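Report on one structure; see the data block that follows.
Hydrogens, waters and symmetry mates play no part in the numbers below; they use all other heavy atoms, side chains included. These numbers were taken from a predicted model, which means no experiment stands behind them.
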Amino acid sequence: MDDPSSTSKGKRKRGRKHKAAADNHASASTVAAASDNPAPAAAGRRGRKSSRRHEAPADADGSRPPSPPRRGEEKLVANGGGDGVVEAGPVAWDEVARVVPSMDAVVKVFCVHTEPNFSLPWQRKRQYSSSSSGFIIGGRRVLTNAHSVEHYTQVKLKKRGSDTKYLATVLAIGTECDIALLTVDDDEFWQGVSPVEFGSLPALQDAVTVVGYPIGGDTISVTSGVVSRIEILSYVHGSTELLGLQIDAAINSGNSGGPAFNDRGKCVGIAFQSLKHEDAENIGYVIPTPVIMHFIQDYEKSGEYTGFPILGIEWQKMENPDLRKAMGMKPDQKGVRVRRVEPTAPESGCLQPSDIILSFDGIDIANDGTVPFRHGERIGFSYLVSQKYTGEKALVKVLRNSKVHEFKIKLATHKRLVAAHVKGRPPSYYIVAGFVFAAVSVPYLRSEYGKDYEYDAPVKLLVKHLHAMAQSPDEQLVVVSQVLVADINIGYEEIVNTQVLAFNGQPVKNLKNLVSMVENCKDEFLKFDLEYDQIVVLETKTAKAATQDILTTHCIPSAMSDDLKT
């Protein structure tokens with residue numbers, strides 16, 4: 001994770017603490033998760049830039065329904081709060097009754113976070129507090145964003161108009177979809193509040209109202225807008241791509257986890273990030289109901305969050321007619337070409353490079369990789385995959401050597417060589433003779449190189465992060481993170497974040513494999529083969545004897561993390 005004292009350089013960002021998550025698809029823009037509003041003390045420590053902040057207007061009127069007038073009705077207009085109110089048609093009381101309880105179901109989420117320190121993995125960073133939004137749904141549960149409770153130590157909820165904060169329990173965190181599910185044991189919390197009801201996926205230009213507790217005040221805030229785009233979006237926190245809504249209602253820090261209502265008072269999404277760019281204004285993003293329902297039903301089916309499955313391939317568009325002809329496609333056939341297949345994916349047993357995927361579950365795929373979505377709309381075929389659940393099967397029709405084949409493929413989640421998240425686990429490490437070995441992950445790269453890690457990290461690590469595929473489910477990228485200087489490692493002090501390829505001639509598969517080989521080594525020397533043709537050689541007996549003194553000097557409790565001791 002980023003150092004809180006680091007400053008923003010205008011890259012893709014997460015809103016809480018203004019941490020960054022680089023995104024390959026928008027090099028000139030800044031997408032910020034409209035997340036937690038840091039507590040005053042924390043905010044002062046992190047130096048929030050006023051030029052990037054737009055305060056949302058706070059709504060203190062408890063009787064105001066969070067919705068614009070319906071089509072065909074003229075908006076209520078009050079000049080200076082006096083006369084001159086114009087109303088073309090009365091609002092039905094049953095509509096007001098449905099909308100107002102939805103406002104009361106919106107809660108403020110207070111979280112204390114304690115993040116791991118990936119650069120010094122034997123300790124954690126200083127804790128900090130944040131606030132964000134959430135809302136009550138059926139079954140005595142509360143929805144908010146995953147990044148709002150990431151690395152949580154304590155979570156508390158406060159209802160609208162209440163002075164009491166209730167301790168909450170985190171039931172599930174969906175990292176990829178940026179949704180978290182909470183509950184409260186205290187029965188008093190659930191009294192006098194009706195759960196939010198979900199609506200269907202809105203259409204373009206449908207009115208939406210975002211309700212939450214953004215920066216700029218302590219009371220509930222309401223901002224209105226319309227749905228301006230529906231497509232597959234890059235989820236900054238999840239490092240994945242799922243269906244999302246773009247709206248023009250303001251989504252600011254603290255809005256994260258708040259509901260977006262349609263004009264009938266039904267929830268159509270969860271606010272979660274916004275676009276910050278000098279050429280763009282009021283571009284916010286909402287997690288739509290299909291993604292929310294997938295998360296909830298996944299939890300109800302499995303008792304835990306299992307993730308969104310993917311088709312473990314890289315593919316190429318087939319828009320060029322000469323390419324289609326060379327691949328043996330008929331004029332009426334459309335599809336996409338398989339470039340590579342993930343070795344760890346179930347698809348590796350049936351799909352091959354240069355296969356042409358013609359359809360997924362009976363739905364034809366176009367040459368540009370899109371499928372029909374709604375009237376007049378198309379969407380990337382990954383949407384069809386994301387609608388499935390982990391472990392489910394899908395029928396894939398492929399063209400191979402001019403012959404059509406059909407395969408029933410079991411879908412699974414993505415296994416990245418460089419993990420995008422550690423999902424609450426403390427980072428692993430191993431120390432011998434002052435050499436600190438660690439497994440590379442995105443949080444590790446961000447901790448070492450800051451928000452701009454995709455520009456500043458070593459090229460070889462970035463190439464593997466962006467393009468390499470894991471050859472086995474437990475494969476890791478192991479590096480010498482740093483060298484804690486001592487007499488035993490003279491001459492090796494400048495080795496930093498260099499990959500370990502082999503130990504005493506044996507390839508290093510993962511960190512646990514390296515620990516096992518070093519701890520059980522009976523040879524005279526420890527020899528590490530590193531990237532860039534470097535080698536490190538240490539006398540086995542001397543190196544192991546020096547380790548404890550180095551740990552004592554640096555106040556490190558153990559030579560390895562707990563997960564490597566078993």
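Side-chain contact check for E314 versus V341: every heavy-atom pair is 4.5 Å or farther apart. No side-chain heavy atom of H294 sits under 4.5 Å from any side-chain heavy atom of I292. For the pair V440/Q499, no side-chain contact is recorded, criterion being any heavy-atom separation below 4.5 Å from C-beta on.
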Begin from the C-alpha positions of R425 and D563 and carry the test salt bridge (charged side-chain N to carboxylate O under 4.0 Å, His left out) through to its verdict. CA-CA 10 Å; R425 299 187 301 271; D563 60 314; over 6 Å; no

In sequence, state the C-alpha distance, the side-chain angles, and the governing distance for Y305 and T175, and then conclude on side chain to side chain donor-acceptor pair (under 3.5 Å). CA-CA 9 Å; Y305 171 74; T175 306; over 6 Å; no

For salt bridge (charged side-chain N to carboxylate O under 4.0 Å, His left out), just list the numbers for D361 and K388, CA-CA rounded to whole Å, side-chain angles, deciding distance to a tenth of an Å, and then say yes or no. CA-CA 10 Å; D361 258 0; K388 294 282 191 177; 2.7 Å; yes

Please walk me through it: do D364 and S359 pass side chain to side chain donor-acceptor pair (under 3.5 Å)? CA-CA 4 Å; D364 293 337; S359 68; 4.5 Å; no

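Shown here for A420 and P443, the closest heavy-atom pair between the two residues is O-CD, 3.5 Å. Here the closest heavy-atom approach between residue V196 and residue C267 is recorded as CG1-CB, 3.3 Å. Smallest separation of non-hydrogen atoms from Y285 and S274: CD1-CA, 4.1 Å. Pairing each heavy atom of P290 with each of L243, the nearest pair is CG-CD2, 4.2 Å. Closest heavy-atom contact between S428 and S561: CA-OG, 3.3 Å. For C350 against R400, the heavy-atom pair with the smallest separation is O-NH2, 2.6 Å.
Relative orientation of the Y453 and H465 rings is tilted, given thresholds of 30° and 60° on the angle between their planes.
For K301, the NZ atom counts as densely surrounded, since its 6.0 Å shell holds more than 12 non-hydrogen atoms of other residues, nucleotides or ligands. Counting non-hydrogen atoms of neighbouring residues, nucleotides and ligands closer than 6.0 angstrom, the NZ atom of K509 reaches no more than 12 such neighbours. Within a 6.0 Å sphere centred on CG of N520, heavy atoms belonging to other residues, nucleotides or ligands number more than 12.
In this structure, K266 fails the cation-pi test against F198, since its NZ or CZ atom is not both closer than 6.0 Å to the six-membered ring centre and inside 45 degrees of the ring normal.
The pair E300-R141 meets the salt-bridge criterion, with a side-chain N (NZ, NE, NH1 or NH2) lying under 4.0 Å from an Asp/Glu carboxylate O. Between K464 and E531 a salt bridge is recorded (basic side-chain N to carboxylate O distance below 4.0 Å). With salt bridges taken as basic N to acidic carboxylate O contacts below 4.0 Å, none links R337 and D355. Under the 4.0 Å criterion applied to side-chain N and carboxylate O atoms, D562 and K565 are assigned as salt-bridge partners.
Between the side chain of N510 and the backbone N or O of N513, at least one donor-acceptor pair lies under 3.5 Å. Using a distance-only test at 3.5 Å, with no hydrogens or angles considered, no donor-acceptor pair links the side chain of Y152 to the main chain of V170. Put simply, the side chain of D178 gets close to the backbone of A146: a donor and an acceptor are under 3.5 Å apart. With hydrogens and angles ignored, the 3.5 Å screen pairs no side-chain donor or acceptor of R229 with any backbone N or O of Q246. Using modelled atom types, no side-chain atom of T498 and backbone atom of I495 make a donor-acceptor pair closer than 3.5 Å. In this structure, T390 contributes its side chain and L411 its backbone to no donor-acceptor pair below 3.5 Å. Of the possible polar contacts, none joining the E406 side chain to the V404 backbone as a donor-acceptor pair under 3.5 Å is found.
When only modelled atom types and interatomic distance are considered, T240 and E176 share no side-chain donor-acceptor pair under 3.5 Å. Side-chain atoms of Y235 and Q273 form no donor-acceptor pair, as typed in the model, at a separation below 3.5 Å. Judged by distance alone, the side chains of T169 and T183 never bring a donor and an acceptor atom under 3.5 Å apart.
Aromatic rings of F272 and H147 (six-membered ring for Trp) have centroids beyond the 6.0 Å cut-off, not under it. Proximity of the aromatic rings of F528 and F503 is defined here by a centroid distance below 6.0 angstrom, and this criterion is met. Between F295 and F308, a ring centre-to-centre spacing not shorter than 6.0 Å is recorded. Taking the six-membered ring for Trp and the full ring otherwise, Y383 and F373 have centroids separated by under 6.0 Å.
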